[in-house]
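Notes for the one structure printed next.
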Protein chains: 2
Amino acid sequence: MDFLSAGASCGSAPAGACSVQDVLDRIGNKWSVSILVAAAPGPIRFSALERAIPGISRRMLTLTLRNLERDGLLLRTSYPTVPPRVEYSITPMAVELQSALLTLTTWAERHQADIAAARARYDER
Amino acid sequence: MDFLSAGASCGSAPAGACSVQDVLDRIGNKWSVSILVAAAPGPIRFSALERAIPGISRRMLTLTLRNLERDGLLLRTSYPTVPPRVEYSITPMAVELQSALLTLTTWAERHQADIAAARARYDER
DNA sequence: CGGGATCCCTTGCGATACTG
DNA sequence: CAGTATCGCAAGGGATCCCG
């Protein structure tokens with residue numbers, strides 16, 4: 001059954017996995033979700049993001065911000081002052097994405113114990 | 001790979017990103033979703049999976065199957081015949097996960113044009 | 001302050017060959 | 001048929017330094 005039916009062509013994924021894979025390729029990396037969460041609802045400054053996301057490097061913050069901006073999930077606004085000031089806000093599209101991710105969060109929390117149990121059982125052998 | 005127990009805290013993620021990150025760490029790789037989709041509702045044999053997922057290598061199919069089985073998302077049943085026969089089925093928990101992913105699919109399809117446009121705009125400069 | 005450039009290590013993944 | 005073992009490349013990501 002393909003209730004995960006896809007619209008566009010998406011390389012070599014089986015029918016149904018395509019669109020999901022597309023999203024995952026964008027936000028399935030180490031920092032995207034953390035940034036999206038931390039940047040909501042915005043605006044928030046670069047240094048504030050850095051402080052809000054423990055463990056992220058300056059490099060990865062910049063890179064991930066660029067990718068999110070490129071996909072239209074973040075809006076970057078720079079003010080040509082001295083010292084410079086840059087603010088990021090999430091777009092309406094990203095807000096909708098967060099709602100979608102909420103479904104995943106619910107699933108994760110509901111089955112977190114089952115997963116732990118399954119792992120324990122598996123690792124025991 | 002992550003050998004921490006599933007019950008552990010999500011470490012450095014901001015509040016709210018934790019559970020989602022947890023799911024993404026499991027299925028955010030290259031083949032997990034494709035396999036879950038192809039294996040539904042099951043049972044399906046190893047070679048059938050291999051044929052159903054174009055481009056996957058034997059190695060990655062095996063590895064990803066193991067991880068999914070470990071997390072309790074797939075059930076592996078081997079029949080000690082000659083030649084051997086192994087069947088995989090997705091678990092009820094994985095079925096629920098697919099429903100959750102449907103939300104993401106919907107989002108992806110609805111905004112796929114907007115994303116493409118945002119990218120084009122960004123790349124143009 | 002908000003990055004870019006460079007270096008380097010680690011991880012993911014593909015290709016290929018072998019096996020019960 | 002359903003794997004395992006080994007190799008090697010390339011992407012991901014951290015640390016550090018520099019710069020307008």
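Lettering of chains follows the sequences in order, A, B, ..., and the numbering in each one begins at 1. Remember, it's a predicted structure, so these values are computed and weren't measured experimentally.
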Taking 4.0 Å as the cut-off, does a side-chain nitrogen or oxygen of [X] come that near to OP1 or OP2 on [N]?
X	N	result
A:Lys30	D:dG14	yes
B:Ser47	D:dA2	yes
B:Arg76	D:dG3	yes
A:Arg58	D:dC17	no
A:Arg59	C:dT6	no

Given the rule that I, L, V, M, F, W and Y join up when any side-chain heavy atoms are under 4.5 Å apart, are B:Val23 and A:Leu102 in one cluster? no

Under 4.5 Å between side-chain heavy atoms, counting indirect links through other Ile/Leu/Val/Met/Phe/Trp/Tyr residues: same cluster for B:Ile115 and A:Val33 or not? yes

Of B:Gly28 and A:Pro83, whose nearest nucleotide on DNA chain C comes first from the 5' end? A:Pro83

[X] [atom1] to [N] [atom2], straight-line distance once rounded to whole Å:
X	N	atom1	atom2	value
B:Glu87	D:dA2	CD	C1'	13 Å
A:Leu65	C:dG4	CG	C1'	14 Å
A:Asp25	C:dC13	CG	C1'	14 Å
B:Ile56	C:dC13	CD1	P	10 Å
B:Phe46	D:dA2	CZ	P	7 Å
B:Leu24	C:dG12	CG	P	15 Å
A:Tyr79	C:dG3	OH	P	13 Å
A:Arg45	C:dC1	CZ	C1'	7 Å

Just compare D:dG14, D:dG3, C:dG2 and give me whichever is closest to any side-chain atom of B:Thr62. D:dG3

Within the side chain of A:Trp31, is there an N or O that forms a donor-acceptor pair under 3.5 Å with the backbone of A:Leu65? no

Here the pair of heavy atoms bringing A:Ser78 nearest to A:Pro80 is O-CD, 3.8 Å

Assuming nearest nucleotide by heavy-atom distance, tell me which of B:Tyr88 and A:Leu63 is located more 5' along DNA chain D. B:Tyr88

For a side chain to side chain contact (heavy atoms under 4.5 Å, CB included) check, start with the C-alpha distance between A:Leu36 and A:Gln98, then their side-chain angles and the critical distance, and finish with the verdict. CA-CA 8 Å; A:Leu36 281 179; A:Gln98 292 198 343; 4.0 Å; yes

